[in-house]
Amino acid sequence: MAKKLWGGRFKKEIDKDFFKFQKSIHYDYKLAEYDIYHSRFHVELLEKANILTNKEATALDNALYGILKQILEGKFKPDLSCEDIHTDIQNRVEKKIGKKAIKLALKLHTLRSRNAQIAFDTKSYCKKKNELICSLLKGLKSSFDHLARINKDIYIPSYTHTQRAQAIPFRDYLGAFTLMFKRDYERIEKFLQDYFIDIGPGTLANSSISDTYQKAIENLVNKHKKMFRDYSYKVMENSLDAISNRDFIIELLSILSILQMHLSRLAEDFILYSTKEFNFFNLPEEFCTGSSLMPHKKNPDFLELVRGYTGRIYGNLISVLTTMKGLPLTYNRDMQLDKEPLFSSVEIIEDELKIMAKFIKKVTIKREVVEKVLEEDRTLYATELADWLVRKHAVSFKQAHDIVGKIIILTEKKGGIEKVKDVELKKFYPELSQSVIKQIMNLKYAKSIKSLNLLGLGMPSGIPLPK
Ligand code: ARG
């Protein structure tokens, strides 16, 4: 068991099983980088407060910088015998400073608590990860744009209630997903703009900070803007709130839950449209797996896992919400349990976005299959026929809807609209005939309407109508 950051008032050794039970190093090592930032900042603060001399502050900062370098180079291996990342880093500082200056190393923890460190570290993590998620969302958008560009002339059937509705440009279909993810992007961007990382001593005695102290921290915040990569830092307004607040985790997990819901809907659509029953999309083989039993199978495992992870991501949000419910002010150890759900959601979303961007780029549309459906299923243009009755013959939409509905019943009975005779059509409306149906109920006409239709309602004014 490594050295602990506490223990003065204890006479007995901690129970081994309990020590293991309460450790967090195996996951909070992910916060190492931010923990160092907090310490470097704190060293300067202690120097300003004349608790450290300039020489001492420099020695401590050099030690911290050495550890930071290791972290940034990916060479940092957490010491899993420690209780948490704060302890691990403290031990390393002591080692780097050397036995002779051990007293100096121990001064690092003056006037601060791990409760303040962990709040700072977790907030910094959220900020940094959000930036990464924003850039991954940009990558996904460019994959959608690419797929839309190379298929710009393709139309597909659209659906409501999973029943065929109307023919629509494939790019509009993709555009709907692009907009979902644009909203996610904006939510994250707003989160980034709104959130400040509180900095300050974070001991409860400092719940109201003196003016001089406040000034010193403010100066440091300004000075360190660069080191903290332009994150917005502010002096703790109230240290009770600063160390007990976990709203930012809950907010981020909510944003990620909505983003996950979008990814899951996207996955579901592509799973459905790649089935033999639909057969519209060909999914890239690199992201599918086969069956050990049935040689013909190509399964959409990536999409299924994306859909499946929704349970985990929603669960992570509920887990933190429930942990926080009813906690008395301020910090309570329960709050240690916010880390795993947070890291889990962030890491899953990162992987999903990264892979989805590659996946979408490689999806291919089975043009012949889609075109065949658009040609053979004339009911896809039933709305166009109703629109024609409205515009050409000033029939009310309700009546036009009724007329076309009846024609569809007959079509289904006869097995094709071309089989409905002129006399039958005229019974529904005198101006209807097979020649009108032929002109209107087809993709070419639907496209011409679409291209002139600014409202998207299928009712443009001033275009020539078929007789
Ligand atoms: N490991 C704790 C957490 O993640 C931070 C420090 C706990 N503080 C304490 N006094 N035990 O929330």
Side-chain angles (χ1 to χ4, degrees), residues 1-10 12-39 41-42 67 71 76 78-93 106 108-129 197-207 236 239-253 316-317 319-347:
M1 198 184 300
K3 246 176 76 192
K4 298 190 293 291
L5 287 178
W6 51 274
R9 61 101 70 213
F10 288 81
K12 293 187 179 150
E13 251 318 308
I14 190 167
D15 179 88
K16 272 204 196 79
D17 291 330
F18 169 57
F19 181 72
K20 195 165 158 240
F21 178 73
Q22 56 96 51
K23 274 164 69 162
S24 53
I25 183 74
H26 49 293
Y27 50 85
D28 68 15
Y29 73 89
K30 292 175 185 173
L31 302 174
E33 179 187 343
Y34 317 109
D35 207 65
I36 299 272
Y37 293 151
H38 190 271
S39 290
F41 189 93
H42 193 66
I67 305 169
I71 297 168
F76 181 86
D79 174 358
L80 296 176
S81 68
C82 288
E83 183 176 328
D84 55 26
I85 187 62
H86 322 298
T87 316
D88 186 352
I89 289 176
Q90 174 69 35
N91 291 348
R92 282 170 207 256
V93 170
L106 295 175
L108 176 58
H109 213 66
T110 317
L111 256 182
R112 76 166 172 180
S113 72
R114 283 183 291 170
N115 302 346
Q117 277 176 274
I118 199 67
F120 173 95
D121 295 359
T122 319
K123 256 192 170 179
S124 306
Y125 171 91
C126 288
K127 282 258 183 193
K128 183 158 178 192
K129 289 298 180 182
I197 299 177
D198 302 278
I199 188 120
T203 51
L204 291 183
N206 284 295
S207 57
M236 283 178 183
S239 65
L240 277 75
D241 178 57
I243 62 165
S244 74
N245 171 18
R246 292 295 181 271
D247 294 3
F248 59 98
I249 296 186
I250 294 170
E251 193 171 342
L252 178 55
L253 290 176
N316 288 338
L317 168 63
S319 155
V320 179
L321 270 173
T322 315
T323 300
M324 293 306 293
K325 172 201 166 290
L327 286 190
L329 279 180
T330 56
Y331 178 85
N332 296 274
R333 194 65 184 273
D334 317 41
M335 287 152 77
Q336 175 166 300
L337 305 182
D338 59 7
K339 247 77 70 222
E340 281 168 304
L342 171 67
F343 297 161
S344 151
S345 286
V346 165
E347 285 165 16

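Whatever order the structure lists ligands and atoms in, that order sets their numbers, starting from 1.
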Considering only the protein, which heavy-atom contact is closest to [atom], and what is its distance?
| atom | answer |
| --- | --- |
| atom 11 (N) of ligand 1 | Arg114 NH2, 3.6 Å |
| atom 4 (O) of ligand 1 | Lys339 NZ, 2.8 Å |
| atom 12 (O) of ligand 1 | Tyr331 OH, 2.5 Å |

State the CZ-SG distance between Phe248 and Cys126, to the nearest 0.5 angstrom. 5.5 Å
Which value, rounded to the nearest 0.5 Å, describes the distance between Asp334 atom CG and Lys325 atom NZ? 11.5 Å
Side chain to side chain donor-acceptor pair (under 3.5 Å) assessment of Thr323 paired with Arg246: CA-CA 10 Å; Thr323 300; Arg246 292 295 181 271; over 6 Å; no
With respect to Gln336, determine whether any N or O atom, backbone or side chain, lies less than 3.5 Å from an N or O atom of ligand 1. yes
When only distance counts, is Asn115 in polar contact with ligand 1, meaning an N/O pair under 3.5 Å? yes
Could you point out which residue of Arg114, Lys23, Gln336 forms a side chain to side chain donor-acceptor pair (under 3.5 Å) with Asp84? Arg114
As an exercise, identify every atom of ligand 1 less than 4.0 angstrom from a heavy atom of Ser24. 1 (N)
In ligand 1, the atoms that come under 4.0 Å of a heavy atom of Arg333 are 11 (N)
Check for me whether the distance between the ring centres of Phe343 and Tyr125 falls short of 6.0 Å. yes
Where the side chain of His109 meets the backbone of Gln90, is there a donor-acceptor pair that is under 3.5 Å apart? no
